[in-house]
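Written out below as structure tokens is the structure these notes cover.
For the numbers below, each heavy atom of this structure counts, side chains included, while hydrogens, waters and symmetry mates do not. Counting starts at 1 for both ligands and their atoms, following the listed order.
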Amino acid sequence: MSDNLYILGIESSCDDTSAAVLNGNRILSNIIANQKVHEKFGGVVPELASRAHQQNIIPVVHQALAEAGITKQQLKAISFTRGPGLLGSLLVGISFAKTLSIGLNIPLIEADHLQGHILAHFIQPKEGDIATPKFPFLCLTVSGGHTQIVLVKSYFEMQIIGQTIDDAAGEAFDKAAKIMGLGYPGGPIIDKLAKEGNASAFKFAKPNIQELDFSFSGLKTSFLYFLRDELKKDEAFIENNKADLCASLQHTIVEILLDKLTKAAKETGIKEIAVAGGVSANSGLRNALRERARKYKWNLYIPEFAYTTDNAAMIAISGYYKYLNNDFATQDVTPYARSQF
Ligand code: KG4
Ligand code: ZN
């Protein structure tokens, strides 16, 4: 690590405040402050998220610099999430990044949150090298707000070839968990309970959607009605079948995702396959992906757990590649709520 190209990444698009420092493409620190304040509401409350970002941002950045073992004067650029996300949340990170870039007189770089999730595959550890996907590759991006199959032609040339027409996969997990009274965010809770359950205990219909697109709202509704009917017969139905319900639901969501990903791989002839976003932490999805990779001879890339859910390392690596392209943002940059790529 001789180039000392230190880049600070700032992520504040939803309910995690995060700061990370990279040296070139090597990770030095990645600090994430989760916001507990949303738990009792069963979902992210935008007003509260903005305020928590205001509280967290300075300590999180200090910690990221301290852990990286550098001072802010050594930074060469600041990369921030411009969108998509909650506007109030994004504004905190953007305003902070702008101010710091003026104070330190270093360039500002804007990053797209969804591209960041994908580019997280290129983050190298402090020492040694990990295998990275070869262009062109397909990336299944599955998070709380998005479900997409992206054809990645180069670092910043990406084409969405399939996406959800309603709920995202993470939303399907979170809403189902809410229906069962399991807490928020529901994805990790369902994942854990599913490990003890039987995935074929209950059958839920898969949607019939055109081309490479997805739909999850029908699954949520049929899950809700199914439970309503069962609860009429047995008040303790959820309690008595929790693990089987979680395993069966998770299995259905994973099948919906992987059927379309397999179709995309067949249609494009691409065997370089990656997965990204919060739902890529799911153990059922990871196992099923490995199985399909064996079957279809894919080269599969699964991110480290730390880079699956929202983090600033993915924003810093986006910043690194933009820095190499001299692609800088100006001080009048504003956030966007919907993705621009
Ligand atoms: O990427 P992310 O941190 O934030 C967004 O950009 O949305 O994704 C959050 C989503 C939530 O819906 C959460 O329930 C889901 O990722 N998630 C999981 C798991 N861990 C996080 N879903 C299923 N299984 C998991 N282990
Ligand atoms: Zn995300």
Side-chain angles (χ1 to χ4, degrees), residues 9-18 20 30 32-35 38-39 42-44 46 49 53 80-86 89-90 93 111-121 139-148 150 163-164 167-180 182-195 197 199 214 216 219-220 246-247 249-258 274-289 302-315 317-318 337-339 341:
I10 307 275
E11 155 64 33
S12 72
S13 66
C14 191
D15 61 339
D16 294 310
T17 320
S18 180
N30 184 34
I32 303 168
N34 304 115
Q35 302 181 355
H38 309 287
E39 272 170 18
V44 178
H53 283 305
F80 65 91
T81 308
R82 185 175 170 198
L86 302 169
S89 290
L90 290 164
D112 181 273
H113 182 86
L114 293 168
Q115 288 193 336
H117 272 300
I118 296 172
L119 295 177
H121 283 282
C139 187
L140 174 70
T141 307
V142 272
S143 71
H146 298 85
T147 301
Q148 304 176 330
V150 184
Q163 60 190 322
T164 183
D167 292 352
E171 237 175 320
F173 275 105
D174 295 340
K175 287 182 177 172
K178 198 170 182 179
I179 293 169
M180 289 188 279
L182 296 181
Y184 178 86
I189 305 171
I190 290 183
D191 190 357
K192 197 163 164 223
L193 286 165
K195 289 188 178 125
F214 302 92
F216 289 99
L219 176 62
K220 175 196 64 193
C246 289
L249 182 88
Q250 178 170 296
H251 177 74
T252 311
I253 295 174
V254 168
E255 289 271 297
I256 294 171
L257 291 171
L258 292 197
V275 61
V279 180
S280 68
N282 185 267
S283 55
L285 178 60
R286 286 171 171 243
N287 291 337
L289 270 167
I302 299 184
E304 256 184 52
F305 275 109
Y307 307 140
T308 54
T309 46
D310 291 348
N311 67 87
M314 69 189 203
I315 301 306
I317 192 80
S318 307
R338 290 181 185 283
S339 209
F341 84 92

Say whether [X] and [Y], considering side chains only, have a donor N or O and an acceptor N or O under 3.5 Å apart.
X: Ser18; Y: Asn311; answer: no
X: Glu11; Y: His113; answer: yes
X: Thr141; Y: His117; answer: no

Can you list the ligand 1 atoms lying under 4.0 Å from a non-hydrogen atom of [X]?
X: Gly170; result: 12 (O)
X: Gly145; result: 7 (O)
X: Ala281; result: 20 (N), 26 (N)
X: Asp191; result: 24 (N), 25 (C), 26 (N)
X: Ser143; result: 1 (O), 5 (C), 6 (O), 7 (O), 8 (O)
X: Thr309; result: 3 (O), 21 (C)

* To do: Say whether His113 and ligand 1 are in contact under the criterion: heavy-atom distance to a ligand atom below 4.0 Å.
  =>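 Per 4.0 Å heavy-atom rule, His113 contacts ligand 1.
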* To do: May I ask whether His117 has any heavy atom positioned less than 4.0 angstrom from an atom of ligand 1?
  =>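 Judged by the 4.0 Å heavy-atom criterion, His117 does count as contacting ligand 1.
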* Asked: Do Leu193 and Leu182 have side-chain heavy atoms sitting under 4.5 Å apart?
  ->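 SC-SC contact between Leu193 and Leu182 confirmed.
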* Heteroatom distance test (Asp310, ligand 1): nitrogen or oxygen, under 3.5 angstrom ->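 Yes.
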* Asked: Counting both backbone and side chain atoms, is some N or O of Asn282 under 3.5 Å from an N or O of ligand 1?
  ->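 N/O-N/O distance below 3.5 Å exists for this pair.
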Could you pull out, from [options], the option with a heavy atom nearest to [atom]?
atom: atom 21 (C) of ligand 1; options: Ala168, Gly278, Gly85; result: Gly278
atom: atom 25 (C) of ligand 1; options: Ala276, Gly187, Cys14; result: Gly187
atom: atom 19 (C) of ligand 1; options: Gly144, Gly116, Pro188, Pro185; result: Pro188

Output yes when a side-chain donor or acceptor of [X] lies under 3.5 Å from a complementary backbone atom of [Y], and no otherwise.
X: Asp174; Y: Pro185; answer: no
X: His121; Y: Val275; answer: yes
X: Arg286; Y: Ser280; answer: yes
X: Asp310; Y: Asp16; answer: no
X: Thr147; Y: Thr164; answer: no

* What residue and heavy atom of the protein are closest to atom 13 (C) of ligand 1, and at what distance? ->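 Going atom by atom, the protein heavy atom closest to atom 13 (C) of ligand 1 ends up being Asp174 OD1, 3.8 Å.
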* Rounded to 10°, how many degrees is the angle NE2/His113-the Zn ion (ligand 2)-NE2/His117? ->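 It rounds to 90°.
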* **Separation of Phe214 CZ from Ile256 CD1 (nearest 0.5 Å)** =>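 One gets 9.0 Å once the value is rounded to the nearest 0.5 Å.
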* the Zn ion (ligand 2) to Asp310: nearest N/O/S atom name ->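 Of all N, O or S atoms in Asp310, the Zn ion (ligand 2) lies closest to OD1.
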